[in-house]
Amino acid sequence: MGKHAPFKSNREVVESLYTSLARGDAAAVTALLAVDLDWWFHGPRRCQHMRRLLTGEATGSAAFRFAPARVAEVGGVGNDRWVVAEGWGGEHDYWVHAWCLRAGVITSFREYFNTSVTVRELGRCAKEDVVWAVWESQSPRPRGRSMPGLVLAI
């Protein structure tokens with residue numbers, strides 16, 4: 001597990017993960033992930049779609065399809081680098097994934113479902129009451145619904 005070509009950027013690694021998931025290529029997915037992947041989920045339990053995909057619990061037509069609308073590298077601390085992706089699944093399901101990579105291997109994963117996320121870089125001082133965001137959700141709020149907002153410090 002966690003073995004891939006070192007010349008790929010972190011963003012390319014994450015994009016290849018989504019491509020491999022869409023193809024159902026378990027071997028390619030496994031090669032991108034650390035054996036001891038750290039996982040955190042925020043949202044309704046029924047929406048743990050990525051967990052189901054990565055564990056093989058959801059397959060075929062029952063599997064949620066992740067098609068990122070945006071993928072961006074957002075920095076990091078030390079050897080850890082972060083990549084954030086967001087997208088829609090259907091009309092009402094909005095998701096944000098934050099992937100932490102070390103040496104081109106995904107070591108940590110944060111999944112936010114129907115939640116607006118702002119990523120803030122640690123170590124950068126705020127001026128007055130300004131929060132230095134390095135990434136913010138760009139999805140419009142679903143009609144007639146509000147989404148909770150979270151700040152992810154990296």
Side-chain angles (χ1 to χ4, degrees), residues 1-122 134-142 145 147-154:
M1 293 179 118
K3 299 175 188 170
H4 80 87
F7 61 90
K8 286 187 176 182
S9 72
N10 291 328
R11 178 182 173 166
E12 290 171 324
V13 171
V14 170
E15 288 172 337
S16 66
L17 175 79
Y18 289 111
T19 300
S20 298
L21 286 169
R23 283 193 322 254
D25 188 346
V29 170
T30 301
L32 300 171
L33 302 173
V35 176
D36 58 347
L37 179 70
D38 178 43
W39 190 293
W40 191 86
F41 176 80
H42 177 82
R45 188 174 184 91
R46 65 178 168 74
C47 296
Q48 293 183 354
H49 301 294
M50 185 59 77
R51 178 191 58 80
R52 290 187 196 102
L53 278 175
L54 294 178
T55 61
E57 186 180 324
T59 58
S61 62
F64 190 89
R65 304 286 183 224
F66 288 103
R70 182 170 66 133
V71 179
E73 291 189 47
V74 294
V77 178
N79 293 324
D80 295 330
R81 300 288 174 232
W82 287 86
V83 175
V84 181
E86 70 179 330
W88 285 93
E91 192 173 313
H92 301 289
D93 295 328
Y94 170 70
W95 54 267
V96 175
H97 292 159
W99 304 93
C100 184
L101 294 90
R102 178 174 284 169
V105 176
I106 297 170
T107 60
S108 182
F109 172 61
R110 306 290 182 255
E111 183 171 24
Y112 304 91
F113 215 82
N114 290 337
T115 302
S116 176
V117 176
T118 299
V119 178
R120 182 171 188 262
E121 189 174 13
L122 289 175
V134 292
W135 187 90
E136 292 184 73
S137 295
Q138 290 185 348
S139 72
R141 295 184 187 274
R145 286 178 37 194
M147 284 195 293
L150 291 174
V151 176
L152 174 64
I154 59 166

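Quantities reported herein were computed from a predicted structural model and do not represent experimental measurements. Both backbone and side-chain heavy atoms feed into the values below; hydrogens, waters and symmetry mates do not.
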Check whether any side-chain heavy atom of [X] sits under 4.5 Å from a side-chain heavy atom of [Y], and report yes or no.
X      : Y     : result
Phe109 : Met50 : yes
Glu111 : Trp39 : yes
Glu73  : Arg81 : no
Leu21  : Leu54 : yes
Phe41  : Cys47 : yes
Leu101 : Val14 : yes

Taking all non-hydrogen atoms of both residues into account, name the closest pair between [X] and [Y] and its distance.
X     : Y      : result
Trp95 : Phe66  : CE2-CD2, 3.4 Å
Ala34 : Val105 : N-CG1, 3.6 Å
Arg51 : Gln48  : NE-OE1, 2.9 Å

Residue from Asn10, Asp80, Thr107 passing side chain to side chain donor-acceptor pair (under 3.5 Å) with Arg102: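 Among the candidates, only Asp80 passes.
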Contacts of type salt bridge (Lys or Arg N to Asp or Glu O under 4.0 Å), residue Glu15, not counting sequence neighbours: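 Once residues adjacent in sequence are excluded, the partners of Glu15 under the salt bridge (Lys or Arg N to Asp or Glu O under 4.0 Å) criterion are Arg11.
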Sequence-distant partners of Arg23, salt bridge (Lys or Arg N to Asp or Glu O under 4.0 Å), two or more places apart: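 With sequence neighbours excluded, Arg23 shows a salt bridge (Lys or Arg N to Asp or Glu O under 4.0 Å) to Asp25, given in chain and number order.
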Backbone N/O of Trp88 and side chain of Asp93: donor-acceptor pair under 3.5 Å: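 Answer holds: no.
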With Trp99 via side chain to side chain donor-acceptor pair (under 3.5 Å) - residues at least two apart: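 With neighbours one apart ignored, the set is Tyr18.
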For Ser108, side chain to side chain contact (heavy atoms under 4.5 Å, CB included) partners two or more places apart: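 Ser108 satisfies side chain to side chain contact (heavy atoms under 4.5 Å, CB included) with Asp38, Trp82, Cys100, Arg110 only.
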Candidates Val13, Val71, Ile106, Val74 - the one meeting side chain to side chain contact (heavy atoms under 4.5 Å, CB included) with Val83: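 Single pass found, and it is Val71.
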Ring geometry between His49 and Phe113 (parallel below 30°, tilted from 30 to 60°, perpendicular above 60°):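 Phe113 and His49: tilted rings.
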Separation between OG of Ser16 and CG of Leu32, rounded to the nearest 0.5 Å: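 Rounded to the nearest 0.5 Å, the OG-CG separation comes out at 4.5 Å.
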